[in-house]
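In what follows, every chain begins at residue 1, and chains take the letters A, B, ... in the order their sequences are listed.
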Number of protein chains: 2
Amino acid sequence: MTETAAPLNAPLNAPRRGRKSALSRGQILDAAARMLRRQGYGNTTLRKIAEVAGIQAGSIYYHFASKDEILDAVLERGVRAVYEGVRDALAALPDNVGHLQRIETAVAAHLQALLSHGDYTSASIRTYGEVPEAFQQKSQPLREAYVVLWQDLLAAAQADGAIRSDLDPHILRPLLLGSLNWTVEWYDPAQRPVADIAAQAVDMLFHGVLPKD
Amino acid sequence: MTETAAPLNAPLNAPRRGRKSALSRGQILDAAARMLRRQGYGNTTLRKIAEVAGIQAGSIYYHFASKDEILDAVLERGVRAVYEGVRDALAALPDNVGHLQRIETAVAAHLQALLSHGDYTSASIRTYGEVPEAFQQKSQPLREAYVVLWQDLLAAAQADGAIRSDLDPHILRPLLLGSLNWTVEWYDPAQRPVADIAAQAVDMLFHGVLPKD
DNA sequence: AGATTAATCTAACAAACGTTCGATGGAATT
DNA sequence: AATTCCATCGAACGTTTGTTAGATTAATCT
């Protein structure tokens, strides 16, 4: 197969697209994220996405090559928002801050990203387990990096004696993150601010539910 | 419309069905639960269910009136298994047992039902949030009863001073149950027994992660 | 054994699915 | 003012979907 050679003087990586393209592309992604979050992977149809986005189903193919490309973009964007949110929150801390405050910051940032970052994060959390394997693999490097981030965070705290070292970190981490992730199933922003959930989660994580004796 | 009157001497509520019917019905439900757990609601098709169950798609309609009836049965059975598992475990305890041991028992029973009770519980946990509202309402009484069970458990413990009363139970409960529910996303029975997860979850819940001073 | 009922198969249906493509109007460029 | 390109529409395509119904086999009963 011979590929058609690009003109030598053509501008490289030129996004020769108008202003409206990015706008519609964003609306399509927003609609897909919303559908994906509420109805799951299999029930999110192109025609419903188009309807929510306010365009015709066929028009989507001007912006995306396939349905899978849309859902893939939504999923990756969701994972990235959580990962980068927590990473940046940690990076913004002063160098001399303790392990416990780093963990507290990470918990708060995770919840903040999850619950106040639109439908992308929720869609990603809720549907990752049910999409075809090819999808999962595409965003797996990001997910893996996020897992490592938490593993390092907890391992460093254990090594310094800031938290108990008799707890298996391979159980502790998913139990903690599971508790946070599940908030997408029940949290109602009209009831409480996200910070309240974060504060109590950290309190429980650190001190447990037994009364102080 | 005139309904065909049943013979007067016919046995009432007679399940005039052979032995094989219940067997196939069970296989269909098993297949549906497995599909539902792995691919979610929208991607679970009747033909795939039939294939897994080892029959033809059309034959399903001898046992069920519609696809929705199957999925509904799977979902309800999953919720019921968790609810009754925990309820019975608590009922089996001696009367004089303390609040903390009751909570410990409930956590262990919840995880046990979730992780070793086939695909029904996992399917129910994972897909409840993405099925149409009409579905959710059918199993809502059971879910509500389960929520009340935990609320009573925690409220009683707080009232007796067995656990801290400065924690909001409306945050504590979903955070705890979320931590447990999320295990369906990561738990691998080949790695550890369920009891290990339960033990560490209770340990964390009671004492927190800070070192004992 | 013959008759009756239980259970499954096969083949088809209409609707909805992801996707393609030529026509079409508006915006930007010349 | 004419032209070029961006963005969308509208209608169609081949599949797959849930569902139906008559034919067919397996099991049970008299």
To the nearest Å, how far apart are [X] [atom1] and [N] [atom2]?
| X | N | atom1 | atom2 | result |
| --- | --- | --- | --- | --- |
| Glu69(B) | dT20(D) | CD | P | 12 Å |
| Ile55(B) | dT19(D) | CD1 | P | 14 Å |
| Leu23(B) | dA26(D) | CG | C1' | 15 Å |
| Arg25(B) | dA6(C) | CZ | C1' | 16 Å |
| Ile60(B) | dT17(D) | CD1 | P | 12 Å |

key: Whether over 12 other heavy atoms sit under 6.0 Å from His117(A) NE2   = no
Sequence neighbours excluded, every pair satisfying side-chain hydrogen bond (donor to acceptor under 3.5 Å, both in side chains) that has a member inside [range]:
| range | result |
| --- | --- |
| residues 118-132 of chain B | Asp30(B)-Tyr120(B), Arg37(B)-Asp119(B), Arg126(B)-Glu185(B) |
| residues 39-55 of chain A | none |
| residues 77-93 of chain A | Glu76(A)-Arg80(A), Arg80(A)-Glu84(A) |

Return no unless some side-chain N or O of [X] is found under 4.0 Å from OP1 or OP2 of [N].
| X | N | result |
| --- | --- | --- |
| Ser24(B) | dT8(C) | yes |
| His63(B) | dT8(C) | yes |
| Ser59(A) | dA7(D) | no |
| Tyr62(B) | dT8(C) | no |

message = Test of understanding: with side chain to side chain contact (heavy atoms under 4.5 Å, CB included), list the residues that count as partners of Ala89(B), not counting sequence neighbours.
response =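 Applying side chain to side chain contact (heavy atoms under 4.5 Å, CB included) to Ala89(B) gives Thr105(B), Ala109(B).
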ask   = Gln56(A) and Ala50(A): which non-hydrogen atoms are nearest, and at how many Å?
value =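 Between these two residues, the closest heavy atoms are C-CB, 3.7 Å.
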key: Counterpart residues, side chain to side chain donor-acceptor pair (under 3.5 Å), relative to Ser66(A) (two or more places apart)   =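 Side chain to side chain donor-acceptor pair (under 3.5 Å) check on Ser66(A) returns nothing, list empty.
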ask   = By side chain to side chain donor-acceptor pair (under 3.5 Å), which residues pair with Tyr146(A), not counting sequence neighbours?
value =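 His110(A), Trp150(A).
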Any protein N or O atoms within reach of nucleotides 13-19 of chain C? Criterion: under 3.5 Å, listing atom names and distances.
| from | atom 1 | to | atom 2 | distance (Å) |
| --- | --- | --- | --- | --- |
| dG18(C) | OP1 | Leu46(A) | N | 3.3 |
| dG18(C) | OP1 | Lys67(A) | NZ | 3.0 |
| dG18(C) | OP2 | Leu46(A) | N | 2.9 |
| dG18(C) | N7 | Arg47(A) | NH1 | 2.9 |
| dG18(C) | O6 | Arg47(A) | NH2 | 3.0 |
| dT19(C) | OP2 | Tyr61(A) | OH | 2.6 |
| dT19(C) | OP2 | Lys67(A) | N | 2.8 |
| dT19(C) | O5' | Tyr61(A) | OH | 2.8 |

query = How would you list, by chain and number, every residue that makes a salt bridge (charged side-chain N to carboxylate O under 4.0 Å, His left out) with Asp168(B), sequence neighbours excluded?
reply =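 Partners of Asp168(B) by the salt bridge (charged side-chain N to carboxylate O under 4.0 Å, His left out) criterion, ordered by chain and then number, come out as Arg192(A).
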ask   = Of all the nucleotides listed (dC9(D), dT8(D), dA7(C)), which has the minimum atom distance to the side chain of Gln56(A)?
value = dC9(D)
key: Net bend of the helix from dA1(C)-dT30(D) to dA27(C)-dT4(D), end axes of five pairs each, nearest 10 degrees   =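 The end-segment axes of the helix from dA1(C)-dT30(D) to dA27(C)-dT4(D) are tilted 0° relative to each other.
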